[in-house]
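Report on one structure; see the data block that follows.
Reminder, nothing fancy here: chain letters follow the sequence lines and each chain counts from 1. Heavy atoms only: backbone and side chains are in, while hydrogens, waters and symmetry mates are out.
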Amino acid sequence: MMWKISRRLFLFLILVFLYLPILILAVYSFTESTNIGAIRGFSLDNYVTLFTTPELTGMIAGTITLAIGAAAIATVLGTIGAIGAFYSRKNMSAFISTLNQIPVINADVVTGFSICVLLVVALHISKDSYIPLVAGHVTLCAPFVFLSVMPRIQQMDSSIYEAALDLGATPFKALTQVLLPQIVPGIVSGFALAVTLSLDDYFIAMYTKPATFDTISTYVVNATKGAQTTIKTALWALSTVIFVIVVLVVLAANIRALRKESREGGRRAE
Amino acid sequence: MRFSRKSLGIPYAVFLVIFVAAPLLFLFYYAFTNGQGQFTLQNFTHFFTDPNTLGTLYYSFSIALVTTLVCLLLAYPTAYILATSNLRSQSVILMLFIMPMWINFSLRITALKEILNVIEGNLAMHPFLNAVVGMTYDFMPFMILPIYTTISRLDGALREAAMDLGANTVQTFLRVTLPLSVPGIVSGVSMVFLPAMTNYVVLDMLYNSTYIMGSLIGSYFAAYDWHGGSMISLILLAMICIFTLLTGNEEDAAGGRGGALL
């Protein structure tokens with residue numbers, strides 16, 4: 001019994017470590033306090049600042065646009081690449097898989113720096129064109145889409161595609177109407193993964209972004225060095241908003257799994 | 001030309017050559033040349049002879065090693081308890097431990113910084129501790145997930161067999177569960193060790209001004225010294241390759257970073 005309690009207690013303490021900072025910040029984001037310590041009156045000022053300061057709203061919109069844009073390009077590239085690699089000859093397939101692995105295991109600092117060296121330093125592409133930034137984020141994300149789609153193709157029943165061809169479908173039609181629908185779950189989770197990677201990135205953006213553009217990560221890192229209090233506490237509000245969104249998305253994504261689990265649990269109980 | 005599925009591989013191969021292979025080749029070029037474009041080994045010898053850069057290498061290793069150990073000591077029991085518990089909704093509770101992964105790391109470190117500020121009074125007094133706490137806070141989910149996955153896939157019958165044959169709980173753990181969970185540990189260690197050597201923003205945000213390997217690249221970047229920065233990048237890349245070959249872990253890297261999504 002003691003053992004069981006201490007096991008639960010350990011899990012609880014780790015959760016406290018992981019969540020307490022975010023939750024405390026969330027509480028303070030609804031007050032007038034500018035420092036953690038004495039709580040001063042309830043206030044929504046931080047949220048008003050967050051959603052009305054052009055600098056902040058622009059930075060948030062920019063981050064989201066970049067994440068969705070880069071993830072969309074990465075999803076198309078990674079999906080096409082996975083299909084192509086799967087049906088290519090062995091050498092070609094191994095070549096693609098090997099190169100694909102590099103950004104996955106490489107440190108983001110190195111990936112970001114190397115893309116900056118090639119595009120900005122060697123090829124003189126201006127960072128203000130956003131080309132290095134988008135290219136950097138696509139390079140970060142596409143390999144993960146590839147890895148997320150590939151298992152789906154491997155598990156697929158290849159005779160269905162052959163059947164479509166035998167029944168008179170053109171290869172293109174067979175691809176879009178027979179092959180693609182079967183790998184949609186892999187594509188969707190690849191896209192979701194790409195979005196989260198782009199949203200969380202600091203280093204690649206840091207080395208490739210235009211000076212006037214900021215993502216949430218680069219902005220927050222800069223802001224913590226400055227001493228502007230209204231911005232600092234508005235970022236507490238941002239942290240809270242993002243926390244709530246993540247919780248909601250995770251809940252939504254897991255509700256189906258949860259229902260299934262409780263149904264099975266119920267069956268076991270019977 | 002007849003459309004074929006094979007040809008779909010070509011655009012992606014071209015993309016990888018341009019944005020993955022070519023940048024690395026240019027790193028080689030810049031690392032072994034000077035400002036005049038002449039071949040030089042100076043960047044290379046500088047790194048391995050300058051006490052400052054060697055000190056940075058040593059400090060990176062220390063931080064990465066301590067962070068990895070702390071993460072392991074906290075994450076292993078967490079993963080073990082979770083995987084062997086009979087909690088009704090194990091997957092939901094696991095999700096609680098993984099979810100921080102998806103909250104922007106800079107915002108999480110900001111939150112941690114505010115808390116540490118209250119606890120410590122003056123953050124600048126404990127730079128090493130702050131770095132380790134910050135990185136543990138940031139990277140722990142990446143350690144929990146692979147260990148949990150490995151342990152939960154273990155055949156429970158093995159443990160029961162060990163018990164039936166007379167082993168007690170501790171013996172069963174040490175002789176059966178622990179050895180079989182090594183792949184998860186290796187995977188988790190590589191998910192934490194490498195970022196801990198390079199993610200210098202965590203140090204910056206927590207007022208630790210000592211350089212780690214990543215900070216060197218940052219400082220060369222800020223000084224427009226592409227040659228010096230390329231050399232550090234290559235050295236890091238070489239270390240990452242060696243580490244990956246030693247652990248044979250390339251397959252799991254994606255699963256780790258992708259979290260529960262992949």
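The residue among A:Ala85, A:Ala174, A:Ser217, A:Ser239 with the most heavy atom pairs within less than 4.5 Å of chain B is A:Ser217. Among B:Tyr137, B:Tyr80, B:Tyr29, B:Tyr224, the residue making the largest number of heavy-atom pairs under 4.5 Å with chain A is B:Tyr137. Looking only at heavy-atom pairs under 4.5 Å with chain B, the residue among A:Phe95, A:Trp236, A:Phe86, A:Tyr219 that has the most is A:Trp236. Annotation: maximal heavy-atom pairing with chain B below 4.5 Å, among A:Arg89, A:Met92, A:Lys4, occurs at A:Met92. Top candidate by heavy-atom pairs under 4.5 Å with chain B, chosen from A:Thr139, A:Ile83, A:Val121, A:Ile14, is A:Val121. Across B:Leu27, B:Leu194, B:Val201, the residue that shares the most heavy-atom pairs under 4.5 angstrom with chain A is B:Val201. In terms of heavy-atom pairs under 4.5 Å with chain B, the best-connected choice from A:Val110, A:Asp200, A:Val221, A:Val220 is A:Asp200. Between chain A and the residues B:Ser230, B:Ala22, B:Pro11, B:Ala21, the most heavy-atom pairs under 4.5 angstrom are made by B:Ser230. Between chain A and the options B:Tyr207, B:Tyr220, B:Phe19, B:Trp226, the largest number of non-hydrogen pairs under 4.5 Å is found for B:Trp226. Between chain A and the options B:Gly218, B:Pro77, B:Ala75, B:Gly214, heavy-atom pairs under 4.5 Å are most frequent for B:Pro77. In terms of heavy-atom pairs under 4.5 angstrom with chain A, the leader among B:Ile232, B:Val118, B:Ile115, B:Ile217 is B:Ile217.
If you measure heavy-atom distances from A:Val138 to chain B, the contacts under 4.5 Å come from both the backbone and the side chain. Heavy-atom distances place the side chain of A:Val250, and not its backbone, under 4.5 Å from chain B. Contact annotation for A:Ala122: both backbone and side-chain heavy atoms come within less than 4.5 Å of a heavy atom of chain B. Heavy atoms closer than 4.5 Å to chain A are found in the side chain of B:Leu236, but not in its backbone. Only the side chain of A:Phe203 comes within contact range of chain B, with at least one heavy atom under 4.5 Å from a heavy atom of that chain. At a 4.5 Å heavy-atom cutoff, B:Pro195 makes no contact with chain A through either its backbone or its side chain. For A:Ile216, the parts lying under 4.5 angstrom from a heavy atom of chain B are both the backbone and the side chain. The parts of B:Leu74 that come within reach of chain A are both its backbone and its side chain, each placing non-hydrogen atoms under 4.5 angstrom from that chain. In this structure, chain A has heavy atoms under 4.5 Å from both the backbone and the side chain of B:Ile10. Only the side chain of B:Met140 comes within less than 4.5 Å of a heavy atom in chain A; its backbone stays farther off. When heavy atoms are compared at a cutoff of 4.5 Å, B:Thr169 does not approach chain A at all. Contact of B:Asn117 with chain A is not made at all, since no heavy-atom distance falls under 4.5 Å. Heavy atoms closer than 4.5 Å to chain B are found nowhere in A:Pro151, neither backbone nor side chain. With a 4.5 Å cut-off on non-hydrogen atoms, A:Leu179 touches chain B through its side chain but not through its backbone. Looking at B:Asn104, the atoms closer than 4.5 Å to chain A (heavy atoms on both sides) sit in the backbone and in the side chain alike.
Looking only at side-chain heavy atoms (C-beta outward), A:Ile125 and A:Val120 stay at 4.5 Å or farther from each other. By the 4.5 Å heavy-atom criterion applied to side chains, A:Val149 and A:Val145 are counted as neighbours. A:Leu175 is listed as a side-chain neighbour of B:Leu8, based on a closest heavy-atom distance under 4.5 Å. Under the 4.5 Å side-chain criterion, counting only non-hydrogen atoms from C-beta, A:Ile115 is not in contact with A:Tyr207. Two residues are said to be in side-chain contact when any heavy atoms from C-beta on lie closer than 4.5 Å; A:Arg7 and B:Ser85 meet this criterion. B:Pro141 places none of its side-chain heavy atoms less than 4.5 Å from the side chain of B:Phe97. Side chains of A:Phe146 and A:Ser97 form a contact here, defined as non-hydrogen atoms less than 4.5 Å apart. A 4.5 Å side-chain heavy-atom check between A:Leu11 and B:Thr78 finds at least one atom pair inside the cut-off.
When ring centroids are compared, B:Tyr211 and B:Tyr200 stay outside the 6.0 Å threshold.
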Ignoring hydrogens and angles, write down the donor-acceptor pairs under 3.5 Å from the side chains of residues 17-29 of chain A, residues two or more places apart or on other chains.
from    : atom 1 : to       : atom 2 : distance (Å)
A:Tyr19 : OH     : B:Leu96  : O      : 2.4
A:Tyr28 : OH     : A:Gly37  : N      : 3.1
A:Tyr28 : OH     : A:Gly37  : O      : 2.4
A:Ser29 : OG     : A:Ala26  : O      : 2.6
A:Ser29 : OG     : A:Tyr47  : OH     : 2.8
A:Ser29 : OG     : A:Thr240 : OG1    : 3.4

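Under the 30°/60° scheme for interplanar angles, the aromatic rings of B:His227 and B:Tyr30 are found to be tilted. Using a 30° and 60° split on the angle between ring planes, B:Tyr12 and B:Phe15 fall in the parallel class, below 30°.
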### Task
Report the C-alpha separation of A:Ser189 and A:Ser148 in whole Å, then their side-chain angles, then the decisive distance to 0.1 Å, and conclude whether the side chain to side chain donor-acceptor pair (under 3.5 Å) test is met.
CA-CA 7 Å; A:Ser189 70; A:Ser148 160; 3.0 Å; yes
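Residues meeting the side-chain contact (heavy atoms from CB on, under 4.5 Å) test with A:Ala205, sequence neighbours left out: A:Leu133, A:His137, A:Asp201, A:Thr215, A:Thr218.
Proximity of a side-chain donor or acceptor of B:Thr67 to a complementary backbone N or O of B:Ala64 within less than 3.5 Å is not detected.
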